[in-house]
Student: 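Below is a structure I'd like to ask you about.
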Amino acid sequence: MSSIDSLADAYMNPWCVVRIITGDRLLFGFAVHHSGTGGLSWVRSTPIRHLDEVTACAITASGRRYALGRRIGSEDVPREGVEAWLAFDLLIGPIASDAAAVPSISVDRLHDAEWIAACKFARHLSVAAPDRAPARVADFMRRHIADYVTRRANGTRH
């Protein structure tokens with residue numbers, strides 16, 4: 001992390017910049033830490049207001065301060081894994097200025113969003129994530145959602 005770690009609200013690693021149809025640029029990446037979402041998940045930011053790659057930090061329209069790790073290009077997102085690619089597709093795809101930057105792979109957006117949430121829950125709870133089969137995701141969520149909600153409410157991880 002960078003020298004602004006003590007001031008950062010979030011730490012994103014890896015991350016990329018994506019332009020959306022409004023002309024704004026957003027950060028997309030894996031939030032290792034994020035004061036709003038709890039971290040350990042793929043996220044997009046609000047529009048970037050300041051980005052300094054030398055000090056590896058950014059400030060977004062929401063006022064959130066990001067410390068930034070390894071930069072990737074949007075075309076590299078698929079190499080980060082299926083979860084990253086699906087998250088990019090769901091969070092950025094509909095608003096991307098270059099829809100071809102990372103091709104869409106989601107066939108069932110609701111189920112894919114549930115699977116991505118299950119992956120986040122699993123990281124917070126230190127348990128294995130389910131595969132993408134709908135029945136396994138539903139079973140995982142039934143078994144773990146209460147524990148996840150309790151841990152988030154208490155501000156605990158792992």
Side-chain angles (χ1 to χ4, degrees), residues 1 8-22 24-48 58 60-62 64-158:
M1 294 208 278
D9 303 303
Y11 173 53
M12 193 179 279
N13 184 32
W15 63 279
C16 64
V17 173
V18 291
R19 187 166 299 280
I20 60 172
I21 53 179
T22 63
D24 289 316
R25 296 176 312 141
L26 309 178
L27 297 171
F28 171 82
F30 187 80
V32 176
H33 163 75
H34 192 285
S35 60
T37 68
L40 301 181
S41 62
W42 294 93
V43 299
R44 75 171 186 219
S45 72
T46 56
I48 297 168
T60 62
S62 68
R64 191 164 317 283
R65 297 157 302 182
Y66 287 85
L68 303 169
R70 174 177 56 97
R71 182 172 185 166
I72 61 174
S74 59
E75 69 279 2
D76 299 319
V77 171
R79 287 189 277 282
E80 298 297 322
V82 173
E83 183 186 355
W85 195 358
L86 277 170
F88 187 92
D89 182 13
L90 297 174
L91 295 173
I92 301 294
I95 59 171
S97 64
D98 179 5
V102 177
S104 175
I105 62 167
S106 180
V107 216
D108 181 340
R109 297 178 75 75
L110 179 59
H111 171 68
D112 289 335
E114 289 172 347
W115 179 70
I116 289 168
C119 291
K120 174 183 178 167
F121 290 14
R123 283 188 286 274
H124 278 271
L125 299 172
S126 298
V127 298
D131 64 32
R132 288 178 60 196
R136 290 199 179 96
V137 172
D139 181 58
F140 178 91
M141 295 302 265
R142 271 191 303 278
R143 287 185 291 118
H144 295 288
I145 194 164
D147 191 25
Y148 173 77
V149 169
T150 299
R151 286 178 187 232
R152 281 296 310 277
N154 293 333
T156 57
R157 288 190 348 188
H158 312 299

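From a predicted model like this one, the values you see are computed outputs, not experimental measurements.
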Student: Between Thr60 and Ser45 (side chain of the first, backbone of the second, donor and acceptor by atom type, cut-off under 3.5 Å), is there such a pair?
Tutor: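 Checked: no pair found.
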Student: Please name the pair of heavy atoms, one in Ala10 and one in His34, separated by the smallest distance, quoted to 0.1 Å.
Tutor: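 Where Ala10 meets His34 most closely, the heavy atoms are CB-CD2, 3.7 Å.
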Student: Shortest non-hydrogen contact from Leu40 to Lys120?
Tutor: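 Residues Leu40 and Lys120, closest heavy atoms: O-CG, 3.8 Å.
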Student: So do Cys16 and Arg71 actually touch side chain to side chain, heavy atoms under 4.5 Å?
Tutor: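 Contact flag for Arg71/Cys16 side chains = no.
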Student: Do you know the tightest heavy-atom contact between Trp115 and Pro130?
Tutor: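 Where Trp115 meets Pro130 most closely, the heavy atoms are NE1-O, 3.0 Å.
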Student: Side chains of Val77 and Phe28: closer than 4.5 Å at any heavy-atom pair?
Tutor: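 Yes, close enough: below the 4.5 Å cut-off.
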Student: Taking the basic N atoms (NZ, or NE/NH1/NH2) and the acidic carboxylate oxygens, is any pair closer than 4.0 Å for Arg123 and Glu83?
Tutor: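 Counted as a salt bridge, because a side-chain N and a carboxylate O are separated by less than 4.0 Å.
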Student: Please assess Tyr66 against Tyr11 for the test ring-ring contact (aromatic ring centres under 6.0 Å, His included), listing each intermediate value before the final yes or no.
Tutor: CA-CA 5 Å; Tyr66 287 85; Tyr11 173 53; 10.0 Å; no
Student: How about Trp85 and Arg79: do any of their side-chain heavy atoms sit closer than 4.5 Å?
Tutor: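 No. Closest side-chain heavy atoms not under 4.5 Å.
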Student: Does Arg143 CZ have over 12 foreign heavy atoms under 6.0 Å away?
Tutor: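 Enclosed: over 12 neighbouring heavy atoms sit under 6.0 Å from CZ of Arg143.
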Student: Taking the side chain as every heavy atom from C-beta outward, state whether Val18 and Asp98 have any atom pair closer than 4.5 Å.
Tutor: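 Val18 does not reach Asp98 side chain to side chain.
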Student: Test ring-ring contact (aromatic ring centres under 6.0 Å, His included) on His144 and Tyr148; report intermediate values, then the result.
Tutor: CA-CA 6 Å; His144 295 288; Tyr148 173 77; over 10 Å; no
Student: Are Val32 and Met12 close enough that some pair of their side-chain heavy atoms sits under 4.5 Å apart?
Tutor: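 When only atoms from C-beta onward are counted, Met12 and Val32 do not touch, as no gap falls below 4.5 Å.
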Student: Would the distance check show the side chain of Asp89 and the main-chain N or O of Ser104 forming a donor-acceptor pair, the cut-off being under 3.5 Å?
Tutor: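 Checked: no pair found.
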Student: Mind listing the closest non-hydrogen atom pair of Leu26 and Ile20 along with its distance?
Tutor: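 Smallest heavy-atom distance, with atoms named: CD1-CG2, 3.6 Å.
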Student: Charged N to carboxylate O under 4.0 angstrom, Glu114 versus Arg109?
Tutor: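 No, Glu114 and Arg109 are not salt-bridged.
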Student: For Ile105 and Val82, which heavy atoms make the closest approach, and how far apart are they?
Tutor: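 For Ile105 and Val82, the tightest heavy-atom pair comes out as CD1-O, 4.5 Å.
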Student: Look at the side chain of Arg132 and the backbone N and O of His111, then say whether any donor-acceptor pair between them is shorter than 3.5 Å.
Tutor: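 No; zero donor-acceptor contacts below 3.5 Å.
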Student: Got His124 and Asp147 here, is their nearest side-chain heavy-atom distance under 4.5 Å?
Tutor: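 A side-chain contact is absent here, since even the closest heavy-atom pair is not under 4.5 Å.
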